[in-house]
Amino acid sequence: MADMPTPRLAANEFQQRLLAWFDRYGRHDLPWQSPRSAYRVWVSEIMLQQTQVATVIGYFERFMARFPTLESLAKAPQDEVLHLWTGLGYYARARNLHKAAQVAWEEHNGELPTKSIDALVALPGIGRSTAGAIVAQSTGQRAAILDGNVKRSLTRLHALPGWPGKPDVERKLWALAEYYTPAERLADYTQAMMDFGATLCKRSKPDCLSCPFNDVCLAYAQGEPKRYPESKPKKALPTRQTIMLMLRDPQGRVWLEQRPPSGLWGGLWSLPQFDSHSELNDWLEVNAVNPKRDTTSPSFYHTFSHFRLEITPQPVSCDRLGGVRESGVWYDVNYPPELGLAAPVKALLSQLTPFSLNPTPGHA
DNA sequence: AAGCCGGGGGA
DNA sequence: TCCCCAGGCTT
């Protein structure tokens, strides 16, 4: 590897120290560790992309209760998969997971192709690092990972400058990650690298005094381990505005429409959205019978990684839908269907008074 | 190479 | 508030 920085330890010495640390301080009771299967490891790795362990555990348990096997996932309707993903974010992960299960079911004899990194990477939603994690943890074959934890630990150990999102920095990190990866105890080593970054070499407050590498860590020697990794160049968040129509029928049900299959909130069910009140009025004129607008609810913000959305809910009641209406569902808050919902939509629906059961609601 | 894609937890 | 997390896909 011409691109690799000088390692701070011989690979076998690094492995020995890390595994000794892991045996004492690592996490050995995560839900996907027992029973361990390629399917369970895979689902956990997808959920854990950009999502912390504490958040994932509950979702993982619910997901496994509903989809205990790859077959059950492959044969499930997408709405049910997205329903189990509601609130977890990055919904393309769920769509890709579902699609990959169907591909594996039909083209790989009903199981994940864990013999080959390349075959895994060919499946939607699985990149090089996730493929490495699946192979290492489910088969014990030698495979490296490079997730956020490993990037942080290795940039510190080597005082590696530059934002890890840059390709040249990432190449160096992959070279180091491959170099340190052992030939034995792959499942433990992989879990150890993640645990080390998540619980000791943390983004803030790294526990350097307890670190088994503090004698060779260049960032520690420089006195500023938190300086690594360098942070992503930041940009100002643009703000967008939207009006969300909360159209209710005489039974109190709410009209929802499914979003396009890809893009923001892809495949999720959401309230009809409009850029202006005049566009909303046009929609009501065409689609609703005897619409009665209520006073606009207070606006609130929902923040994404790349913009901020100001949401103004507009309650409207109507007798029924008319005209050429778009496809959608009347969502009954008393008997909620199992659909994927965008987080702010779920929040709005959960606030609703189920007035079909409560004809004279009190006022707040 | 850069942008897109969520939501939450920690400080 | 601000940062970024067990990343991958699209352009």
Side-chain angles (χ1 to χ4, degrees), chain A residues 26-27 30-33 40-60 82 85-97 99-100 120-134 136-137 144-153 162-171 173-174 177 187 190-199 201-206 226 228-238 259-268 270 301-309 340-347:
Chain A
R27 292 178 288 197
L30 295 169
W32 41 91
Q33 292 175 316
R40 290 166 61 86
V41 167
W42 170 45
V43 172
S44 75
E45 289 298 330
I46 301 301
M47 286 188 171
L48 286 160
Q49 289 171 0
Q50 304 296 296
T51 310
Q52 296 182 349
V53 167
T55 302
V56 163
I57 287 177
Y59 284 89
F60 180 83
L82 288 173
W85 214 271
T86 292
L88 202 52
Y90 282 111
Y91 299 95
R93 294 184 295 173
R95 299 193 303 270
N96 287 333
L97 182 73
K99 175 64 179 173
L120 282 173
V121 168
L123 294 171
I126 302 180
R128 180 175 173 186
S129 184
T130 298
I134 294 170
Q137 300 200 59
I145 62 166
L146 186 61
D147 64 2
N149 291 309
V150 179
K151 287 175 180 173
R152 185 170 55 254
S153 306
W163 175 51
K166 303 194 74 167
D168 61 327
V169 180
E170 187 167 334
R171 271 198 304 277
L173 287 169
W174 266 115
T190 301
Q191 187 64 47
M193 287 297 276
M194 299 193 265
D195 287 357
F196 179 78
T199 68
C201 198
K202 294 172 288 189
R203 180 167 65 90
S204 55
K205 293 171 60 171
K226 281 165 61 182
Y228 301 92
E230 288 184 17
S231 54
K232 173 184 179 141
K234 56 182 173 188
K235 309 174 305 191
L237 284 189
R259 295 181 59 84
S262 65
L264 185 68
W265 292 333
L268 300 186
S270 185
Y301 287 97
H302 184 76
T303 304
F304 297 88
S305 50
H306 49 308
F307 68 95
R308 207 158 80 114
L309 185 64
L341 298 172
V345 174
K346 183 179 182 182

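Just so it is clear, the model here is predicted, and its values are computed rather than measured. Letters A, B, ... mirror the listed sequences (proteins, then strands); counts begin at 1. Below, all heavy atoms of this structure are taken into account, side chains as well, without hydrogens, waters or symmetry copies.
For the ring-ring contact (aromatic ring centres under 6.0 Å, His included) test, residues two or more places apart in sequence or in another chain that qualify with Phe307(A) are Phe304(A). For Gln49(A), the side chain to side chain contact (heavy atoms under 4.5 Å, CB included) partners are Ile46(A), Arg93(A), Thr130(A), not counting sequence neighbours. Residues forming a side chain to side chain contact (heavy atoms under 4.5 Å, CB included) with Lys232(A) (at least two apart in sequence, or on another chain): Trp163(A). Checked against side chain to side chain contact (heavy atoms under 4.5 Å, CB included), Glu230(A) has the following partners two or more places apart in sequence or in another chain: Pro161(A).
Within residues 44-52 of chain A, the residues that have a heavy atom under 4.0 Å from DNA chain C are, in order of number, Glu45(A), Leu48(A), Gln49(A), Gln50(A).
Checked by distance alone, Arg203(A) brings a side-chain donor or acceptor within 3.5 Å of a matching partner on the base of dC3(C). Below the 3.5 angstrom threshold, one finds no donor paired with an acceptor across the side chain of Arg93(A) and the base of dA6(C).
Ring geometry for Trp32(A) versus Phe60(A): interplanar angle over 60°, hence perpendicular rather than tilted (30 to 60°).
At dC9(C), none of the side-chain N or O atoms of Arg95(A) fall inside 4.0 Å of OP1 or OP2 (strictly under the cut-off).
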**Message:** What does the 5'-to-3' dot-bracket notation of DNA chain B look like when only Watson-Crick and G-U wobble pairs under 3.5 Å count, and pairs to other strands show as |?
**Reply:** |||||.|||||

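Residue contacts shown for Leu30(A) include a base, since a base heavy atom lies under 4.0 Å away.
Put simply, the side chain of Trp265(A) reaches to within 4.5 Å of the side chain of Pro344(A), judged on heavy atoms.
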